[in-house]
Amino acid sequence: MPELPEVEVTRLGIAPAITGLRLQRVRLGKPLRWPLGCAPELLHGRVITGVRRRGKYLLLDLDQGAVLVLHLGMSGSVRILDKDNPPGPHDHVDLVFADRLLRLHDPRRFGALIYADSSDAPHVHKLLVKLGVEPLSEQFSPQTLKTGFQGRSVSVKQALLAGDVVVGVGNIYASEALFLAGIHPKTAAGRIGPARLAKLHAAVVQVLAQAVEKGGSSLRDFVAADGSHGHFQLSAQVYGRAGQPCRVCHAPIKHIVQGQRSTYYCAQCQH
DNA sequence: AGGTTGACCTGTCAGC
DNA sequence: TGCTGACAGGTCAACC
């Protein structure tokens, strides 16, 4: 369920709640996408020294340079709860502290919690090696897209989603960013000129930054760390609006499938 | 090397 | 009401 904004909002929610706390124990439910990678007991007594984000991965820093890599998959959400709160059938990770716990709720179990020690430094873990630039950092520029898309025949929608050029743009925000930039989602990534790449760069930043500001409320069933369900606002320009009138030109929004994922666009506004 | 496809797993909703 | 199929916010691994 989460794209970068939801992961970032989750980070902002849990960081103040667990930074500096000592882990008492780890409770695991059903298996997730990957195994933890160490004995849970190894984590007992370790201290959370900070919470970072890389793409859609949350990085819980531990003392001694180790890291717990947390991914929410398609259906994951993280909450801070009272220590005695009993787990439900889809609660597959509890990091238990003295008075509270951090819980991963993930019905589809595409998420993961992975222990990484310093042996994978500086990448933290091999899963993070091929990730592209952070879109909300100064590293991200129109040049990032120019270099990354150069010579690539894949559609710009799929290139955005792939995450090897720029991270964090998921299926919803890819459609939204392309609409904002006026670019047709089927356009070959390598055939977009500098001026349009500049528009796309600005659109990606705008869409993601705005979603973070709104607290990730753009996703239907996103649950923040404090348990609040962000009010889902029908703020999408195109996503999920097949057949409905474009908010700009009133032409009907189109729906296509690219790489087995839904794409929405306005054929009149996007070329 | 880049592009394409299948796989992972469960809940929800539309249609019959 | 119950069954079936399509679909859902991610992304890796295996194939061409």
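Below, each value reflects all heavy atoms present in this structure, side chains not excepted, and no hydrogens, waters or symmetry copies. Every chain is numbered from 1 and lettered A, B, ... according to where its sequence line falls, protein lines coming before strand lines.
- Leu160(A) has its side chain out of reach of Tyr173(A): every pair of non-hydrogen atoms, C-beta onward, lies at least 4.5 Å apart.
- Here dT4(B) presents its C1' atom at 15 Å from NZ of Lys157(A), a figure rounded to the nearest Å.
- The side chain to side chain contact (heavy atoms under 4.5 Å, CB included) with Ile48(A) is formed by just one residue from the set Asp61(A), Ile14(A), Ile18(A); it is Ile18(A).
- If you take CD of Gln150(A) and C1' of dG3(B), they are 18 Å apart, rounded to a whole angstrom.
- Interface residues of residues 31-39 of chain A facing DNA chain C, ordered by number: Arg33(A), Trp34(A); criterion, heavy-atom separation under 4.0 Å.
- Rounded to whole angstrom, the span from the NZ atom of Lys186(A) across to the C1' atom of dG3(B) amounts to 17 Å.
- Rounded to the nearest 0.5 angstrom, Ser235(A) OG and Gln210(A) CD are separated by 7.5 Å.
- Summarising the geometry, the separation between NE2 on His125(A) and C1' on dC12(C) is reported as 12 Å, rounded to the nearest angstrom.
- Applying the side chain to side chain donor-acceptor pair (under 3.5 Å) definition to pairs two or more places apart or across chains, none involves residues 185-194 of chain A.
- Donor-acceptor pairing under 3.5 Å is lacking for the side chains of Ser141(A) and His201(A).
- Applying the side-chain hydrogen bond (donor to acceptor under 3.5 Å, both in side chains) rule to Arg53(A) yields the partners Glu8(A), Glu134(A); only residues at least two apart in sequence or on another chain are considered.
- By the 4.5 Å heavy-atom criterion applied to side chains, Leu28(A) and Val93(A) are counted as neighbours.
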Inset, instruction - Would you write the dot-bracket representation of DNA chain C, where each base gets (, ), [, ], | or . depending on whether it forms a Watson-Crick or G-U pair under 3.5 Å and with which partner? - result: .|||||||.|||||||
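- Separation of the P atoms belonging to dT11(C) and dA1(B) is 23 Å when rounded to the nearest angstrom.
- Applying the 4.0 Å criterion to OP1 and OP2 of dC9(B), one finds that Lys30(A) has every side-chain N and O outside that range.
- Rounded to whole Å, the P atom of dC9(B) lies 16 Å from the corresponding atom of dA14(C).
- Residues from residues 101-112 of chain A placing a heavy atom under 4.0 Å of any atom in DNA chain C, listed by number, are Arg108(A), Phe110(A).
- Residue Tyr57(A) places at least one side-chain N or O closer than 4.0 Å to OP1 or OP2 of dC12(C).
- Residue Leu161(A) is the one, among Lys130(A) and Leu161(A), whose nearest nucleotide of DNA chain C lies closer to the 5' end (criterion: closest heavy atom).
- Across the interface with DNA chain C, nearest-nucleotide mapping of Asn171(A) and Lys126(A) shows Asn171(A) to be the residue nearer the 5′ end.
- Rounded to an integer number of Å, the gap from CG of Asp164(A) to P of dT11(C) is 12 Å.
- Side-chain N or O atoms of Arg46(A) include one that pairs as donor or acceptor with a backbone N or O of Asp63(A) at under 3.5 Å.
- When side chains are defined from C-beta on, His125(A) does not count as touching Leu59(A), because their heavy atoms never get closer than 4.5 Å.
- For the residue pair Ile183(A) and Gln270(A), the shortest heavy atom distance occurs at O-NE2, 2.8 Å.
- Following rounding to the nearest Å, Arg53(A) (CZ) and dG10(C) (P) show an atom-to-atom distance of 14 Å.
- Put simply, CG on Leu128(A) is 11 Å from P on dT11(C), counting in whole angstrom units.
- Put simply, the side chain of Thr10(A) does not reach to within 4.5 Å of the side chain of Pro2(A), judged on heavy atoms.
- A donor-acceptor pair under 3.5 Å links the side-chain atoms of Arg22(A) to the main chain of Gly45(A), judged by distance alone.
- In this structure, Leu72(A) atom CG and dA8(C) atom C1' are separated by 16 Å, rounded to whole Å.
- Arg196(A) contributes a side-chain N or O that, together with a main-chain N or O of Gly182(A), makes up a donor-acceptor pair within less than 3.5 Å.
- Between the side chain of Ser155(A) and the backbone N or O of Gln158(A) there is at least one donor-acceptor pair closer than 3.5 Å.
- Looking at heavy atoms from C-beta onward, Leu62(A) lies in side-chain contact with Leu43(A) at the 4.5 angstrom threshold.
- Taking side-chain N and O atoms only, His90(A) has no distance below 4.0 Å to OP1 or OP2 of dT10(B).
- Within residues 257-267 of chain A, the residues that have a heavy atom under 4.0 Å from DNA chain C are, in order of number, Arg261(A), Ser262(A).
- Counting only heavy atoms from C-beta on, Gln158(A) has its side chain closest to dT4(B) among dG10(C), dA8(C), dT4(B).
- For Ser75(A) and dA8(C), the shortest distance from a side-chain N or O to OP1 or OP2 is not below 4.0 Å.
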